[in-house]
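Indexing begins at 1, ligand by ligand and atom by atom, following the structure's order. All values below come from the heavy atoms of this structure, side chains included, with hydrogens, waters and symmetry mates left out.
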Amino acid sequence: MTELPEGISFHPDYFDRSAQDALVEAIRAVVREAPLFVPKMPRTGKPMQVRMSNCGKLGWVTDKENGYRYQPTHPKTGRPWPPIPAPLQKLWKDVAAFDGSPEACLINYYVDTAKMGLHQDRDEEEFSAPVVSVSLGDDCLFRIGGTKRGGKTQSIRLRSGDVIVLGGASRLRYHGVDRIYPATSTLLSDGGRINLTLRRVSAKG
Ligand code: SIN
Ligand code: FE2
């Protein structure tokens with residue numbers, strides 16, 4: 001594998017199989033309380049290919065009318081997001097190198113055919129905190145670009161249990177998911193992939 005850019009740290013197999021099973025159980029409990037929804041692009045209202053939910057004080061949502069934003073409640077139920085499960089809090093402490101807790105954990109669910117276009121994570125106030133991302137279920141091809149659109153990119157295959165951290169000089173790198181590799185994991189009974197993305201949203205006061 002070619003070397004990853006400065007500010008990206010990759011922790012292959014951070015969660016072993018039993019930790020992955022526990023995490024899936026915890027996420028299933030979250031989505032029972034905060035059901036997956038179909039996010040819609042700002043202005044056009046075009047649906048994204050992933051289904052989403054969140055846990056934490058704040059959740060990332062998007063719709064035609066109000067665009068990308070963080071909010072403390074689920075867009076459909078109006079209820080607060082469930083708390084971030086303990087193993088994810090622990091992961092953040094372990095790898096984030098940031099003096100403050102994560103406020104948002106985005107849950108993305110990909111079916112076999114879903115992908116996510118190249119984008120930057122830039123709806124947060126606090127860019128000194130990294131983005132900590134967990135893969136569960138089927139493998140995916142993750143693409144990492146530069147901090148400007150249209151630059152050179154490199155790709156890395158992410159597997160169930162892997163953690164990748166985008167911080168420092170790489171905090172605002174473009175990234176996306178080109179494809180899912182169906183049936184490459186037995187973790188999720190219905191297949192597909194779950195991505196969990198932990199973020200700090202507000203600047204530390
Ligand atoms: C995202 O950037 O929101 C998701 C990345 C991933 O699914 O690995
Ligand atoms: Fe992202």
Side-chain angles (χ1 to χ4, degrees), residues 4-5 7-15 20 23-24 27 31 36-42 47-56 58-62 67-70 81 84 88 91-92 95-96 102-124 126-127 129-149 151 153-168 170-182 184-185 187-188 191-201:
L4 290 165
I8 298 193
S9 49
F10 180 46
H11 307 265
D13 220 13
Y14 181 92
F15 292 105
Q20 293 172 41
L23 214 38
V24 170
I27 295 306
V31 300
L36 291 166
F37 59 90
V38 178
K40 309 275 173 60
M41 297 301 284
M48 289 178 66
Q49 295 183 21
V50 292
R51 290 190 292 150
M52 276 182 186
S53 188
N54 290 272
C55 47
L58 293 169
W60 189 87
V61 301
T62 174
Y68 301 157
R69 63 199 187 274
Y70 282 95
W81 305 105
I84 297 175
L88 296 173
L91 166 69
W92 176 271
V95 302
E103 293 170 299
C105 175
L106 176 65
I107 301 165
N108 290 309
Y109 177 68
Y110 296 77
V111 295
D112 284 0
T113 54
K115 16 181 190 224
M116 187 181 287
L118 281 175
H119 65 277
Q120 288 175 300
D121 287 11
R122 53 176 311 152
D123 299 317
E124 302 74 33
E126 184 58 79
F127 293 140
V131 171
V132 175
S133 172
V134 182
S135 292
L136 293 170
D138 288 337
D139 297 0
C140 80
L141 190 63
F142 186 69
R143 186 192 291 263
I144 304 164
T147 53
K148 299 217 162 49
R149 190 174 279 288
T153 67
Q154 72 184 97
S155 295
I156 173 173
R157 186 162 171 150
L158 299 178
R159 296 179 171 81
S160 197
D162 291 354
V163 169
I164 191 162
V165 181
L166 272 63
S170 291
R171 172 62 180 76
L172 289 171
R173 276 186 193 275
Y174 278 84
H175 57 277
V177 171
D178 286 348
R179 61 164 300 190
I180 302 298
Y181 296 95
T184 45
S185 163
L187 186 71
L188 305 175
R193 171 175 182 266
I194 295 172
N195 162 258
L196 307 172
T197 303
L198 293 158
R199 303 193 193 97
R200 176 80 193 191
V201 179

* Can you list the atoms of ligand 1 that are under 4.0 Å from a heavy atom of N195? -> 4 (C), 5 (C), 6 (C), 7 (O), 8 (O)
* Asked: H175 to ligand 1: N or O pair under 3.5 Å?
  -> yes
* ligand 1 contact on N108 by region, counting heavy-atom pairs under 4.0 Å -> side chain
* To do: Look at the side chain of N54 and the backbone N and O of W60, then say whether any donor-acceptor pair between them is shorter than 3.5 Å.
  => yes
* Atoms of ligand 1, numbered as shown, that sit under 4.0 Å from any heavy atom of V177 -> 6 (C), 7 (O), 8 (O)
* Any salt bridge between R200 and E126, counting N to O under 4.0 Å? -> no
* Would you please test K115 and D178 for salt bridge (charged side-chain N to carboxylate O under 4.0 Å, His left out) and show each step? => CA-CA 5 Å; K115 16 181 190 224; D178 286 348; over 6 Å; no
* Asked: Which residue and non-hydrogen atom of the protein lie closest to atom 1 (C) of ligand 1, and at what distance in Å?
  -> M116 SD, 3.5 Å
* To do: Please answer whether the main-chain N or O of L141 pairs with a side-chain N or O of R143 as donor and acceptor at a distance below 3.5 Å.
  => no
* In D121, which N, O or S atom comes closest to the Fe ion (ligand 2)? -> OD1
* To do: Look only at interatomic distance and state if D121 has a nitrogen or oxygen under 3.5 Å from any nitrogen or oxygen of ligand 1.
  => no
* Protein heavy atom at shortest distance from atom 7 (O) of ligand 1 -> Y110 OH, 2.5 Å
* **Minimum-distance pair of heavy atoms, taken over all atoms of G137 and S185** => O-CB, 3.1 Å
* Asked: Is R193 close to ligand 1, meaning an N/O of one under 3.5 Å from an N/O of the other?
  -> yes
* **Check: R157 and Y181 side chains under 4.5 Å, non-hydrogen atoms** => yes
* Asked: When you measure from the centre of the six-membered ring of Y110, is the NZ or CZ of R193 under 6.0 Å away and within 45° of the axis?
  -> yes
